[in-house]
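Below is one structure, written out as structure tokens, with a few remarks after it.
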Amino acid sequence: MNTFSVFIFRILLVLGGLILLYIIGKPFVSKIQNKISGVSVQGIIVGFRGRGTSQTIFDDNTSKRPKKWISRRPVFKYPVVNGSIDSLVCFESSVILLPWMNFDKGDRVDVVFNNDHPADGQIFSYGIIISDMVLMAFCVWMISLGIPRSQ
């Protein structure tokens, strides 16, 4: 490889790592902030969202791709205040990487949200937090690969 190709590859690694770190880190930081200073209520898993931007809700928490099982993002219902009859339905943005920490339909979950935006609820669970931290560590590793070291 010539030096120009290596330079472009390093720039793409750093930019890709920064973009992914922002995409994964923003909801992660929001979850932590809402857990500390927001509202926390009990919700229930009502299904699982399909791939990408699909609005379809499935009963199974995994989907079978040609040779592997892929975890689906949970869909949950929660009241704005504990004990309320009215409830909201939200899609979780994070995927759980560890299969034994995945949810099943009907599981009770902790939902956190900002008091000013109750429709933006997020599940607060160790499986999601660990998955997000692993993905952010991968992003930092990508960025570190792209930064040249002195020889």
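Please read all numbers here as calculations on a predicted model, not as lab measurements. Computed over heavy atoms, backbone and side chain alike; hydrogens, waters and symmetry mates excluded.
For the pair Ser30 (side chain) and Lys26 (backbone), a donor-acceptor distance under 3.5 Å is absent. Although no hydrogens or angles enter the test, the distance criterion places no donor-acceptor pair under 3.5 Å between the side chain of Ser131 and the main chain of Ile128. Looking at Asn114, its side chain never comes within 3.5 Å of a backbone N or O of His117 through a donor-acceptor pair.
Residues Phe9 and Met142 are members of one and the same hydrophobic cluster, defined by side-chain heavy-atom contacts under 4.5 angstrom among Ile, Leu, Val, Met, Phe, Trp and Tyr. In terms of hydrophobic clustering, with Ile, Leu, Val, Met, Phe, Trp and Tyr side chains grouped at heavy-atom distances under 4.5 Å, Phe91 and Phe48 are assigned to different clusters. Hydrophobic clustering (side-chain heavy atoms under 4.5 Å, transitive across Ile, Leu, Val, Met, Phe, Trp, Tyr) keeps Val134 apart from Trp141. Leu13 and Ile143 end up in different hydrophobic clusters when Ile, Leu, Val, Met, Phe, Trp and Tyr side chains are linked at under 4.5 Å. Residues Leu135 and Tyr22 do not share a hydrophobic cluster, clusters being chains of Ile/Leu/Val/Met/Phe/Trp/Tyr side chains in contact below 4.5 Å.
Pairing each heavy atom of Ile57 with each of Gly47, the nearest pair is CG2-CA, 3.7 Å. Between Phe103 and Ser125, the shortest heavy-atom contact is CZ-OG, 3.5 Å. Across Ile24 and Cys139, no two heavy atoms sit closer than the pair CD1-SG, 4.1 Å. Ser93 and Pro27 get closest at one heavy-atom pair: OG-CB, 3.9 Å. Here the closest heavy-atom approach between residue Met101 and residue Gly127 is recorded as SD-CA, 3.5 Å.
In this structure, Thr3 and Phe7 have side chains that are not in contact, with every pair of non-hydrogen atoms separated by 4.5 Å or more. You'll find the side chain of Val41 stays beyond 4.5 Å of the side chain of Val80, heavy atoms only. Residues Arg10 and Pro148 have side chains in contact (heavy-atom distance under 4.5 Å, counting atoms from C-beta outward). The side-chain heavy atoms of Val109 and Ile45, taken from C-beta on, include a pair separated by under 4.5 Å.
Rounded to the nearest 0.5 angstrom, Leu20 CG and Phe138 CZ are separated by 8.0 Å.
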**Request:** Might you work through the ring pair (Phe, Tyr, Trp, His ring centres under 6.0 Å) test for Tyr78 and Phe113, ending with a clear yes or no?
**Result:** CA-CA 11 Å; Tyr78 62 98; Phe113 55 89; 5.6 Å; yes

**Message:** Determine whether Ile32 and Ile129 satisfy the following criterion, side chain to side chain contact (heavy atoms under 4.5 Å, CB included), listing intermediate values before the conclusion.
**Reply:** CA-CA 9 Å; Ile32 301 299; Ile129 298 296; 4.2 Å; yes

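The stretch residues 92-111 participates, sequence neighbours left out, in these salt bridge (charged side-chain N to carboxylate O under 4.0 Å, His left out) pairs: Lys31-Glu92, Asp59-Lys105.
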